[in-house]
S.K.: 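Sharing a structure below in structure tokens format, with a few things to ask.
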Amino acid sequence: MSSTPLSSLLGLAASAAKDLEDLYAVRDLTFPSLASVNPTDPAELLLLSPEAQAASKQIISACGMIMSMVTPPSLILLNETMHYNILASLWTMVESNTVEIIRELGGSGNAGVHVDKIAAMNGMDSSKLARILRLLATHHIFTETSPNTFANNRTSIHLDSSSPVQGLLDKTAPKFEGTGVEAAMIGHGGDEGIRIASHMSQTLRSPETACAFEPNKTSFNTAFGGDLSLWEWYNLPENSERRVRFGNAMKSLGRSEDAPGKGFEWSRLPNGATIVDVGGNVGSACVPLLEHIPHLNLVIQDLPPLIEEGRKFWAEKNPKALKSGQVKLQVHDFFEAQPVVGADVYHLRAILHDWADPLAIKILRNIRHAATSTSKLVIRDQLIAYACDAPPSAIPGAQIDPAPTPLLPNWGLASSTNYIFDIHMLTCCNGKERTLDDWISLFDQSGWKLVRVYRGPLFAELVGELKGSKKRKLETPEGSPRPRKLGTQINRSDGVIAERVSNV
Ligand SMILES: C[S@@+](CC[C@H](N)C(=O)[O-])C[C@H]1O[C@@H](n2cnc3c(N)ncnc32)[C@H](O)[C@@H]1O
């Protein structure tokens, strides 16, 4: 009997599940259960390995398609219509410290905590709280161990700040630390994101904004008013809490990424090589880099409030590196001339996706004018695949793994995060996640050549070299002061001395 699409999909999921089980058997580990509450358990960490990720991708993709095939379409649409309630529920759990309360009352595995006890500590109505927890438990976030009794599980525990509840209540303990950084992303989504998204339709259809690509003509502007871009708005004094929360949300992205070294070969950079993290926020993307490759020098650049917060962050994280000058924090607006000339690597994580092409090109051109022939550009952003077959690419690493039929060529739900981010960038900033064709064109228009792509679980790394001749005279970007030569200091108008780091 010939196989049907449904049985082919089930077969794909089953064979990948067998691969996963074999991987765990070889390592003598048990596959993590949903009740596991230790994110650093070796069994959890193995699930992040490339072999396990490949198998998981096939299972998620196949199961996603199976669900779409067997669920009545009207129910699919009804569920999607109300999906925002999941985010709203998660945000409520974050703000009410419910995860930490359950942890302190001993709720994990099969040992649940009665909702009355949880509600007594967070001041919520216990019947309402139970309904929220039950919705999330139905989505495998929390477990209802017996009627109205709930425990943390492998997903909810990722919202745990590890802080004592009393400290959270009197605001003396940090909320967005440790595994709790994921909670910061939920705060960004639940507070700003959901409100911005609800203004998308109006913004994309209104004659004033439909075809606009400026960063201040977005759904964010329709939702929150005013004509500041999201970044300018975050830097207003009254938004400092949101800005700090956003910085913590960015830290959570690192947890979904490959360890440094799986992609761009940072370890092959010479001793004392200089990495400039352009738009680095407080510099959280660089923390694992320095942990794995301690011979690098880092210059983290961002706008003034972030640089101030970055100094505090590094003073705590790695005071030695800050004191010795191995880590420097530098105020720099990336629409101005890049002050660090001839760095080994200019690194931009989650930056270009915030900007439409003309502005992204401006950012890249400013870097290009400061780069020398040995400088590399390393972009970490999402790489969008078409949801259909596309011509192959000759750029090393650019080709997406072929998905077995009948899976979607972009691996369907297994790569859904990329497309969700794309729309988030659209609504927040008129930015975009880019296809390979988009990236090639963007590099080309800004004087770079895309030479290598490394695909990671969340971000791809796109490596660029200067386009054209190997030896190149430094050029002056239009309307910007000419970057100084190596070893000189630049007295900026804002009083900051931007200096060329040593060892380059
Ligand atoms: C999405 S965040 C990425 C932060 C960081 N690269 C990371 O991955 O954690 C974008 C960053 O760009 C910064 N930014 C926005 N406009 C900027 C500008 N004109 N010059 C420098 N940084 C800017 C923001 O302050 C923010 O930290």
Side-chain angles (χ1 to χ4, degrees), residues 176 181-182 184-185 188-189 192-193 196 214-216 218 220 228-236 239-240 242-258 260 275-290 298-311 313-314 317 329-340 345-356 358-367 370 377-382 421-422 424-433 456 458-461 480 492 494 496 498:
F176 300 126
V181 289
E182 260 105 333
M185 191 57 100
H188 168 62
E192 297 103 276
I196 293 169
E214 291 93 333
N216 61 352
T218 63
F220 157 72
L228 297 181
S229 72
L230 178 71
W231 307 115
E232 291 164 329
W233 179 82
Y234 268 141
N235 290 343
L236 295 175
N239 286 328
S240 66
R242 282 174 162 143
R243 180 178 68 245
V244 170
R245 182 178 63 197
F246 181 80
N248 282 303
M250 292 313 296
K251 289 180 200 161
S252 77
L253 293 184
R255 296 158 59 79
S256 323
E257 282 192 276
D258 269 340
I275 318 301
V276 182
D277 192 14
V278 183
N281 200 278
V282 296
S284 55
C286 293
V287 173
L289 193 58
L290 210 59
L298 300 175
V299 182
I300 295 150
Q301 302 177 331
D302 210 296
L303 298 173
L306 280 311
I307 290 304
E308 220 171 280
E309 278 148 25
R311 285 211 179 88
F313 173 74
W314 284 93
K317 261 291 166 238
L329 289 130
Q330 186 176 66
V331 171
H332 169 58
D333 175 347
F334 45 51
F335 292 111
E336 301 287 326
Q338 170 56 246
V340 182
V345 176
Y346 295 94
H347 170 253
L348 293 84
R349 185 182 78 161
I351 293 298
L352 296 176
H353 74 177
D354 295 335
W355 306 93
L359 292 166
I361 289 169
K362 216 167 181 180
I363 296 170
L364 287 182
R365 278 195 188 149
N366 280 336
I367 298 172
L377 177 70
V378 177
I379 307 290
R380 273 149 95 192
D381 252 327
Q382 323 258 356
F421 262 72
D422 184 31
H424 190 52
M425 296 311 129
L426 168 64
T427 56
C428 287
C429 340
N430 262 331
K432 70 196 268 203
E433 303 297 353
L458 181 64
F459 292 130
E461 289 184 352
S480 306
R492 292 166 47 107
D494 55 11
V496 172

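Numbers here are sequence positions counted from 1. Just so it is clear, the model here is predicted, and its values are computed rather than measured. Note that ligands are numbered from 1 as they come in the structure, with each ligand's atoms numbered from 1 the same way.
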S.K.: Give the residue and atom name of whichever protein heavy atom lies nearest to atom 2 (S) of ligand 1, and the separation in Å to one decimal.
M.R.: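 The closest one turns out to be Phe246 CE2, 3.7 Å.
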S.K.: Quick check: do Leu352 and Ile363 have side-chain heavy atoms less than 4.5 Å from each other?
M.R.: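 They are in contact (side-chain heavy atoms under 4.5 Å apart), so the answer is yes.
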S.K.: Please indicate whether any nitrogen or oxygen in Asp277 is less than 3.5 Å from any nitrogen or oxygen in ligand 1.
M.R.: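 There is no such contact.
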S.K.: Nearest protein heavy atom to atom 1 (C) of ligand 1, by residue and atom, and its distance?
M.R.: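 Going atom by atom, the protein heavy atom closest to atom 1 (C) of ligand 1 ends up being Ala350 O, 3.1 Å.
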S.K.: Scan Ile351, Asp302, Leu303 and name whichever one has a side-chain contact (heavy atoms from CB on, under 4.5 Å) with Phe334.
M.R.: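 Only match with Phe334 under side-chain contact (heavy atoms from CB on, under 4.5 Å): Ile351.
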S.K.: Can you name the one residue among Glu433, Gln382, Arg380 that meets side chain to side chain donor-acceptor pair (under 3.5 Å) with His353?
M.R.: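 Among the candidates, only Glu433 passes.
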S.K.: Between Trp355 and Phe335, what is the ring plane arrangement, given parallel below 30°, perpendicular above 60°, and tilted in between?
M.R.: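 Perpendicular, since the angle between the ring planes exceeds 60°.
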S.K.: Just heavy atoms, cut-off under 4.0 Å: does Leu306 contact ligand 1 by side chain, backbone, both, or neither?
M.R.: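 For Leu306, the contact with ligand 1 is made by the side chain alone.
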S.K.: Check each heavy atom of Arg380 against ligand 1 and say whether those closer than 4.0 Å belong to the side chain, the backbone, both or neither.
M.R.: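 Looking at Arg380 and ligand 1, no heavy atom falls under 4.0 Å.
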S.K.: Any nitrogen or oxygen of Phe334, side chain or backbone, less than 3.5 Å from one on ligand 1?
M.R.: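 Yes: some nitrogen or oxygen of Phe334 is under 3.5 Å from one in ligand 1.
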S.K.: Does any part of the side chain of Trp231, heavy atoms only, come nearer than 4.5 Å to the side chain of Asp354, both counted from C-beta?
M.R.: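 Asp354 reaches Trp231 side chain to side chain.
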S.K.: Could you check atom 8 (O) of ligand 1 against the protein and tell me its nearest heavy-atom contact, residue, atom and distance included?
M.R.: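 Ranked first by proximity to atom 8 (O) of ligand 1 is Arg349 NE, 2.5 Å.
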S.K.: Quick one: CZ on Arg243 to CG on Leu236, what's the gap to the nearest 0.5 Å?
M.R.: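 Here the interatomic distance stands at 9.0 Å.
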S.K.: Just let me know how Tyr234 lines up against ligand 1, side chain, backbone, both or neither, with a heavy-atom cut-off below 4.0 Å.
M.R.: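 Contact part for Tyr234 vs ligand 1: neither.
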S.K.: Taking only heavy atoms of His332 into account, list the atoms of ligand 1 that are under 4.0 Å away from them.
M.R.: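 Ligand 1 atoms under the 4.0 Å threshold to His332: 20 (N), 21 (C).
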S.K.: Report, in ascending order of atom number, the atoms of ligand 1 lying under 4.0 Å from any heavy atom of Phe335.
M.R.: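 Once the distances to Phe335 are compared, the set is 19 (N).
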S.K.: Among all the protein's non-hydrogen atoms, which is closest to atom 19 (N) of ligand 1, and how far away is it?
M.R.: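 The protein heavy atom lying closest is Asp333 OD1, 2.9 Å.
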S.K.: Measuring from the heavy atoms of Lys251, does anything fall under 4.0 Å of ligand 1?
M.R.: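 Flag not set, Lys251 not near ligand 1.
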S.K.: So for ligand 1, is Ile351 a polar contact partner (N or O within less than 3.5 Å, distance only)?
M.R.: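 Such a contact does not occur with ligand 1.
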S.K.: How many angstroms lie between atom CD1 of Ile300 and atom CZ of Arg311, to the nearest 0.5 angstrom?
M.R.: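 Answer for the CD1-CZ pair, Ile300 versus Arg311, is 10.5 Å.
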S.K.: Considering only non-hydrogen protein atoms, determine which one is nearest to atom 15 (C) of ligand 1 and report residue, atom name and distance to 0.1 Å.
M.R.: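 Nearest neighbour among protein heavy atoms for atom 15 (C) of ligand 1, to 0.1 Å: Trp231 CG, 3.6 Å.
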S.K.: Suppose I only count heavy atoms of Met250 and a 4.0 Å limit; which atoms of ligand 1 are within that range?
M.R.: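 Matching atoms, with element in brackets: 1 (C), 3 (C), 7 (C), 8 (O), 9 (O).
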S.K.: Do Leu290 and Trp314 have side chains that get closer than 4.5 Å, going by heavy atoms?
M.R.: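 Heavy-atom side-chain distance check passes, below 4.5 Å.
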S.K.: Would you call Leu289 and His347 a side-chain contact if the rule is heavy atoms closer than 4.5 Å?
M.R.: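 Contact flag for Leu289/His347 side chains = no.
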S.K.: Counting only nitrogen or oxygen atoms and a 3.5 angstrom limit, does Trp355 reach ligand 1?
M.R.: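 No, no N or O pair falls under 3.5 Å.
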S.K.: Is the shortest N/O to N/O distance between Asp354 and ligand 1 below 3.5 Å?
M.R.: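 So ligand 1 has no N or O lying under 3.5 Å from an N or O of Asp354.
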S.K.: Given Cys429, Gly279, Ser284, which one has a non-hydrogen atom that is nearest to atom 4 (C) of ligand 1?
M.R.: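 The residue whose heavy atom sits nearest atom 4 (C) of ligand 1 is Gly279.
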S.K.: What's the separation between atom OH in Tyr346 and atom CD1 in Ile379, rounded to the nearest 0.5 Å?
M.R.: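 The OH atom of Tyr346 sits 12.5 Å away from the CD1 atom of Ile379.
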S.K.: For atom 25 (O) of ligand 1, grab the closest protein heavy atom and report residue, atom and distance to one decimal in Å.
M.R.: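 Protein heavy atom with the smallest distance to atom 25 (O) of ligand 1: Asp302 OD1, 2.7 Å.
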S.K.: Would a 4.5 Å heavy-atom cut-off, applied to side chains only, mark Pro215 and Leu359 as touching?
M.R.: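 The answer is yes, as the side chains (C-beta and beyond) meet within the 4.5 Å cut-off.
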